[in-house]
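Here's the structure, in structure tokens; my notes come after.
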Amino acid sequence: MSKTTSPVRVRFAPSPTGYLHVGSVRTVIFNWLLARHTGGTFVWRIEDTDRERLVPGVIETMRETVRWLGVEWDEGPEVGGPYGPYVQSERLSIYREHADRLLEEGRAYRCYCSPERLAELRAEQQRAGLPTGYDRRCRDLSDAERAELEASGTPSAIRFRTPLDGTTTMVDALRGPITYENASLDDFIILKSDGYPVYHFGVVVDDYLMKITHVLRGQEYLSAGAKDILLHDALGISPPVYVHLPLVLAPDRSRLSKRHGAVAALEFRDLGYVPEALFNYLALLGAAYSGDREIYSREELIELFDIDRLNPASAVFDHRKLEWMNGYYINHALTLPDLADRCLPLLRDAGLVTDETPREYVEQVVGLVKDRIKLLPEVVELTSFFFTEPSPAPDEIAGRRLTPEEALPALERARERLEAVTEWSDEPLESAMRSLAEELGMKTGALFMSLRVAITGRTVSPGLFETMRVLGRDTTLARLSRAVDALSGVAA
RNA sequence: GCCCCCAUAGUCUAGCGGCCUAGGACGUCACCCUUUCAAGGUGAAGAUCGCGGGUUCGAAUCCCGCUGGGGGUACCA
């Protein structure tokens with residue numbers, strides 16, 4: 001397979017019927033990467049031709065989704081462009097015009113069959129175990145019959161006059177030529193009775209008019225690919241390069257859906273995934289760029305992406321790997337100020353941080369826990385003791401290795417020693433406590449654990465001494481005093 | 001049922017006729033580091049390249065069949 005070098009015009013054309021699924025987002029990403037890779041154009045088009053399934057407001061949500069991922073379209077709603085309008089419901093006259101032409105040329109015909117008849121027909125075919133499809137009742141109506149139906153005001157749709165025999169071949173860039181028997185196709189509707197185009201027709205007309213060179217779309221369109229080719233032939237135009245992207249599957253190999261957990265891209269944002277990680281993960285799902293690496297910056301992805309890097313097989317969406325990657329971005333890829341910016345709203349909502357909290361302090365705190373954050377919201381639980389006073393129970397302070405009677409004098413001594421430390425930084429703090437443990441004849445682990453619980457209220461925390469350092473001398477000593485008080489209440 | 005696509009470890013993949021005693025990553029396990037948990041480091045287990053036939057001096061790589069999985073079969077996209 002060859003490299004794509006000249007500037008492409010690609011598009012993503014969602015139907016405003018719901019949220020953007022991660023599989024759709026991956027399609028967006030591949031299209032966008034190809035556009036950027038070749039210095040081409042990424043077009044956004046709204047395919048709102050099914051008025052019954054329209055969901056108000058979702059166009060805005062979709063835009064929010066792709067912007068969150070750092071993707072912008074070059075042409076489309078709002079930004080405009082030379083081939084607008086970019087909303088199909090605003091292009092009805094265009095479809096009508098093309099449909100009329102096919103009608104005149106005998107490549108299409110009016111069908112007066114009612115939806116009820118069609119449903120009945122399908123039911124019968126299914127009952128008889130026959131392939132379903134239109135029986136072409138209106139294909140060869142006489143002029144008189146047609147005139148009569150028109151006069152009676154019977155609504156009509158426009159159907160494509162599919163060749164009865166022969167074959168049609170679509171070339172898919174990942175799979176090569178795919179040949180379909182025309183006989184297995186029926187006379188599909190291109191323009192509904194309400195004047196709106198049906199998918200394949202709208203797409204072919206718009207992609208042509210918008211000068212789309214490459215169509216990267218979901219595999220679900222592959223089996224009906226012959227319709228696109230037939231339509232191009234009838235309209236006397238050349239098809240674009242087709243790339244049918246494999247589906248995103250759930251772990252049980254079924255189509256990924258709500259019942260498998262998060263599927264809407266924005267849900268991942270709300271769960272605490274960073275867009276860089278989701279982008280990276282999705283760009284790698286069903287594709288590979290060098291085979292020996294998983295983490296790629298957006299720039300590298302643009303540089304390395306090409307159609308021949310895509311795998312034609314469906315891929316299972318692995319939450320665990322995404323989570324690993326998210327943790328990697330949080331711990332290694334984002335700068336500390338950046339990470340702090342993303343944690344701040346969460347800490348604020350949790351009531352841990354206010355406008356008075358020094359930015360510097362928040363950054364230091366986040367810096368101590370970032371290597372164990374997998375999902376952003378975890379920062380709250382991980383750092384709460386930096387912002388609120390813990391009050392561990394005496395036996396928690398003593399821990400599993402000490403009794404309160406043993407812990408009390410140890411912590412009293414520890415407090416004295418720490419108070420005497422002149423330079424409040426990691427090394428002096430650590431050596432002071434290590435020598436204390438030795439003097440007391442205690443295991444460092446036992447002493448450190450008591451200190452940890454006394455100071456953080458937890459048995460799990462960042463390194464003890466860096467925690468003390470960031471907490472500061474006063475807070476650390478105050479917490480130790482409280483712990484000593486708590487212990488003496490029991491040990492006395 | 002009919003039509004279409006796909007097929008390398010549990011998962012994502014490298015591989016495009018000899019470099020493969022099949023490489024990387026997630027996950028799993030072990031060890032190291034170590035004050036806890038992570039992170040990090042090292043290593044291990046895990047794939048008769050779905051199965052069966054060909055083609056070829058030689059096949060994970062090409063062809064055919066089978067099986068399995070997925071998709072489509074609407075006046076939905």
Side-chain angles (χ1 to χ4, degrees), chain A residues 1 13-17 47-50 52-53 111 113-115 118-119 122 125-126 128-134 155-159 170 172 174-175 178-181 184-186 188-194 196-200 202-203 217-226 244 246-247 249 251 253-255 281 284-295 308 311-325 327-328 331-332 369-374 382 399 430 433-434 437 443-449 451-453 456 458-465:
Chain A
M1 233 163 284
S15 174
T17 53
E47 304 203 333
D48 56 345
T49 56
D50 184 343
E52 287 177 15
R53 292 202 308 155
C111 172
C113 294
S114 68
L118 264 15
R122 188 161 39 243
Q125 289 167 332
Q126 280 167 345
L130 296 167
T132 55
Y134 182 53
S156 65
I158 299 178
R159 283 187 188 271
M170 164 183 265
D172 180 274
L174 296 180
R175 301 161 242 264
I178 297 162
T179 299
Y180 309 81
E181 293 290 337
S184 69
L185 258 40
D186 70 348
F188 54 94
I189 287 177
I190 59 176
L191 205 68
K192 307 183 218 178
S193 54
D194 63 5
Y196 284 78
V198 148
Y199 176 77
H200 289 275
V203 160
R217 68 198 336 182
Q219 203 189 61
E220 60 268 30
Y221 298 110
L222 185 58
S223 55
H244 289 90
L247 262 24
L249 268 28
R253 299 224 138 245
S254 68
R255 198 173 190 154
Y281 177 74
L284 240 59
L285 187 63
Y289 304 98
S290 58
D292 63 351
R293 199 152 58 98
E294 319 291 311
I295 305 296
D308 64 2
N311 188 327
S314 304
V316 171
F317 188 90
D318 184 358
H319 274 88
R320 288 182 305 183
K321 185 160 181 177
L322 205 213
E323 202 168 287
W324 162 78
M325 200 173 271
Y328 186 91
N331 191 198
H332 301 289
V369 300
K370 72 184 185 116
D371 61 4
R372 61 210 80 189
I373 302 175
K374 283 267 187 286
L382 251 18
E430 178 164 358
M433 291 302 95
R434 281 195 186 281
K443 289 269 196 185
T444 51
L447 176 62
F448 289 4
M449 186 50 84
L451 282 167
R452 167 172 293 107
V453 176
T456 69
R458 315 279 181 85
T459 53
V460 173
S461 78
L464 224 206
F465 306 104

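Proteins come first, then strands; the chains are lettered A, B, ... in the order of their sequence lines, and each starts at number 1.
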Separation of the [atom1] atoms in [N] and [M], to the nearest angstrom:
N	M	atom1	value
B:U48	B:G10	P	8 Å
B:A59	B:C49	P	12 Å
B:G1	B:U61	C1'	35 Å
B:A14	B:G71	P	22 Å
B:A60	B:U21	P	9 Å

Mind checking if [X] touches a base, just sugar-phosphate, or nothing, with heavy atoms under 4.0 Å?
X	result
A:L247	sugar-phosphate
A:R452	base
A:N311	sugar-phosphate
A:S223	base
A:Y196	nothing
A:P197	sugar-phosphate
A:G225	nothing
A:A288	sugar-phosphate

Could you check how far [atom1] of [X] sits from [atom2] of [N], rounded to whole Å?
X	N	atom1	atom2	result
A:E181	B:C5	CD	P	12 Å
A:L174	B:C5	CG	C1'	11 Å
A:F188	B:C76	CZ	C1'	15 Å
A:L284	B:U11	CG	P	17 Å
A:R293	B:U13	CZ	P	18 Å
A:R255	B:C6	CZ	P	18 Å
A:W324	B:C12	CH2	P	16 Å
A:D318	B:A9	CG	P	15 Å

With a 4.5 Å heavy-atom cut-off, do [X] and [Y] have their side chains touching?
X	Y	answer
A:I295	A:Y328	yes
A:T17	A:D50	no
A:D318	A:Y281	yes
A:F465	A:F448	yes

Does [X] have a side-chain nitrogen or oxygen under 4.0 Å from the phosphate oxygens OP1 or OP2 of [N]?
X	N	value
A:T49	B:A77	yes
A:R253	B:C12	yes
A:K192	B:C76	yes

Looking at the side chain of [X], which of [options] is the nearest nucleotide?
X	options	result
A:K374	B:G27, B:G24, B:A39	B:A39
A:S461	B:C75, B:U13, B:U36	B:U36
A:E294	B:A25, B:U36, B:A77	B:A25

Decide yes or no, distance alone: a donor-acceptor N/O pair under 3.5 angstrom between the base of B:C6 and the side-chain of A:S314.
no
Anything under 30° is parallel, anything over 60° is perpendicular, the rest tilted; go ahead and classify A:F317 against A:H319.
perpendicular
Side chain of A:Y180, backbone of A:S223: donor and acceptor closer than 3.5 Å?
no
